[in-house]
Amino acid sequence: LTMLLFAFTGMMKAEVVEIGSLEGAGNNSYLPMNSLYEYSYTQQIYTAEEMGMGGIISSITVWMYGNANLHEMPFDIYMMEVDKDGFSGNSDWVTVTEENMVYSGTVTVHNTEAEAYTFTLDVPFLYTGTQNLLVCFNNKTGQWKGGLNGKVFGASSDPVRAIYARRDTNEFDPYNPTFSANGTTYQRNVMTLEVESFGPTALVTNPAVLDLGYRPNGAWMAPYTFQIKDNGSPAIITGISANNAFFTVSAELPAEVNIVTPIEAEVTTGSTTAGAVNAQITVLYDERDSQTFGITATAYNPAAGDVWEN
């Protein structure tokens, strides 16, 4: 998947997504991390509406300030797409996996006025834009000094979209979040993300060439299956058909396709004149748009019309 992301990166346009504003922003001593304890763990949800686009996230920026006494802080960042809209209580963590880790590094915050800290992701994160974005900070310092603060936004009437925990002695395990949080809050970090946006919808098939090979006239043969993927902006596929009655194409529709999630389609065949059969498959998407793909097979007359082949 990582190689796939880098392959698409060159075809995308980098944009900046700003969530929250420094104007009127507050200060928070536990978001994104807490320095007053040896270890801390936070999760924050940013909605698809706030993101406003899908694409490859290559960096995130938060604003923090501290003091000259703060230790160098090793930490990890995790990202996930979630359908979760908020946190309902102190045990309502989202479980992440090692595959969700996008950054591992250190930071030292000695400035006493808020400054931007940009973290270029070790593994660019593919965000489809169809769900909300979860951002997690796991502070693994093992030492404590008070003074770290992050710039935050939010009003008390907002949904609770951040959860935080801090403690001494034992590091947190994001892969098994059975620990209780110290609290939840409507505040979240002001955050800027660099996102390489998807281009226009670009449907492709897998395999790229739809060649069914030899197909028997009037006899059953296992359906030919293929995938429809999207190398651009997500799309809703609403219809699929062939312009030659020899081919019957079916799929569970409507269905969304994006750069991560394809749909499965299958083709069955009927009867026609023996020999090469060529046609076009038309895929309808987003109500008015369509894309066509070639399909071919070689029809033949089986020795017995009631046999089945696979």
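Excluded from the calculations below are hydrogen atoms, water molecules and symmetry mates; all remaining heavy atoms, backbone and side chain alike, are included. Given the structure is predicted, the values throughout are model-derived calculations rather than measurements.
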(Q) Using 0.5 Å steps for rounding, measure from the CG atom of D230 to the CG atom of N258. (A) 7.0 Å

Q. Which atoms form the tightest heavy-atom contact between N278 and N244, and what is the distance?
A. O-ND2, 3.9 Å

Q. Where the side chain of N217 meets the backbone of T272, is there a donor-acceptor pair that is under 3.5 Å apart?
A. yes

**Q.** Heavy-atom closest pair, residues A235 and T201
**A.** CB-CG2, 3.8 Å

Q. Going by side-chain heavy atoms closer than 4.5 Å, which hydrophobic residues are tied to V16, directly or by a chain of links?
A. none

Q) Which pairs, with at least one residue in residues 221-263 and sequence neighbours excluded, count as a ring pair (Phe, Tyr, Trp, His ring centres under 6.0 Å)? A) none

Q | Nearest atoms (heavy-atom pairs only) where N182 meets A165 | A | OD1-CA, 3.2 Å

**Q.** Test item: R161 side-chain N/O and D85 main-chain N/O as donor-acceptor pair under 3.5 Å
**A.** yes

(Q) Return the CD to CD distance between E252 and E266, rounded to the nearest 0.5 Å. (A) 9.5 Å

Q: Considering non-hydrogen atoms only, spot the tightest contact between P302 and A219 and give its length.
A: CG-CB, 4.2 Å

Q. Given the rule that I, L, V, M, F, W and Y join up when any side-chain heavy atoms are under 4.5 Å apart, are V152 and I19 in one cluster?
A. no

Q | Distance in Å, H71 NE2 paired with H110 NE2, rounded so as to fall on 0.5 Å steps | A | 9.0 Å

Q) Do Y175 and Y78 have side-chain N/O donor and acceptor atoms under 3.5 Å apart? A) yes

Q.
Just by distance, no angles: are the side chains of Q227 and E264 close enough, under 3.5 Å, to form a donor-acceptor pair?
A. yes

Q | V204 with L210, same ILVMFWY side-chain cluster at under 4.5 Å | A | no

(Q) Strictly by ring pair (Phe, Tyr, Trp, His ring centres under 6.0 Å), give each pair with a member in residues 143-168 just once, sequence neighbours left out. (A) Y30-Y164

(Q) Do N90 and T184 make a side-chain contact, defined as non-hydrogen atoms from C-beta onward lying under 4.5 Å apart? (A) yes

Q.
For the CG atom of N28 and the CG atom of N189, what is their distance to the nearest 0.5 Å?
A. 7.0 Å

Q: Could you check if a side-chain atom of Y65 sits within less than 4.5 angstrom of a side-chain atom of N111, using non-hydrogen atoms only?
A: yes

Q | Sole candidate of N132, N100, T128 that passes side chain to side chain donor-acceptor pair (under 3.5 Å) when paired with E81 | A | T128

Q) Can you name the nearest heavy-atom pair linking T42 to P32, along with the distance? A) OG1-O, 2.8 Å

Q. Of all heavy-atom pairs between L212 and A297, which one has the smallest distance, and what is that distance?
A. CB-CB, 3.8 Å

Q) Quick one: does L148's side chain get under 4.5 Å of L70's, heavy atoms only? A) yes

Q.
Distance check, rounded to the nearest 0.5 Å: I228 atom CD1 versus I263 atom CD1?
A. 4.0 Å

Q. Mind checking what makes salt bridge (Lys or Arg N to Asp or Glu O under 4.0 Å) contact with E72, not counting sequence neighbours?
A. none

(Q) To the closest 0.5 Å, what do you measure between OH (Y103) and CD1 (I60)? (A) 9.5 Å

Q: Tell me whether the centres of the aromatic rings in F119 and F75 are closer together than 6.0 Å.
A: yes

Q: State, yes or no, whether a side-chain contact exists between V109 and M33 at a heavy-atom distance under 4.5 Å.
A: no

Q. Are V195 and L133 grouped together when hydrophobic residues (ILVMFWY) are joined by side-chain heavy atoms under 4.5 angstrom apart?
A. yes

Q) Heavy-atom distance under 4.5 Å between the side chains of T192 and W63, does that happen here? A) yes

Q: Measure the shortest side-chain to side-chain distance between C136 and V96 over non-hydrogen atoms and say whether it is less than 4.5 angstrom.
A: yes

Q. Mind checking whether I163 and Y186 sit in one hydrophobic cluster, side chains of I, L, V, M, F, W, Y counted as touching below 4.5 Å?
A. no

**Q.** Side chain to side chain, E194 and T118, heavy atoms closer than 4.5 Å
**A.** no

Q: With F172 as reference, evaluate Y37, W93, F179 under the ring-ring contact (aromatic ring centres under 6.0 Å, His included) test and give the passing residue.
A: F179

Q) With hydrophobic residues grouped by side-chain heavy-atom distances under 4.5 Å, do M101 and V107 end up in a single group? A) no

Q: With sequence neighbours excluded, give me every salt bridge (Lys or Arg N to Asp or Glu O under 4.0 Å) pair touching residues 130-151.
A: D76-K140

(Q) Regarding R188 and D158, does a basic nitrogen lie under 4.0 Å from an acidic carboxylate oxygen? (A) no

**Q.** Co-members of L284 in a cluster of I, L, V, M, F, W and Y side chains, linked at under 4.5 Å
**A.** none

Q) Any side-chain heavy atom of M53 sitting closer than 4.5 Å to one from V17? A) yes

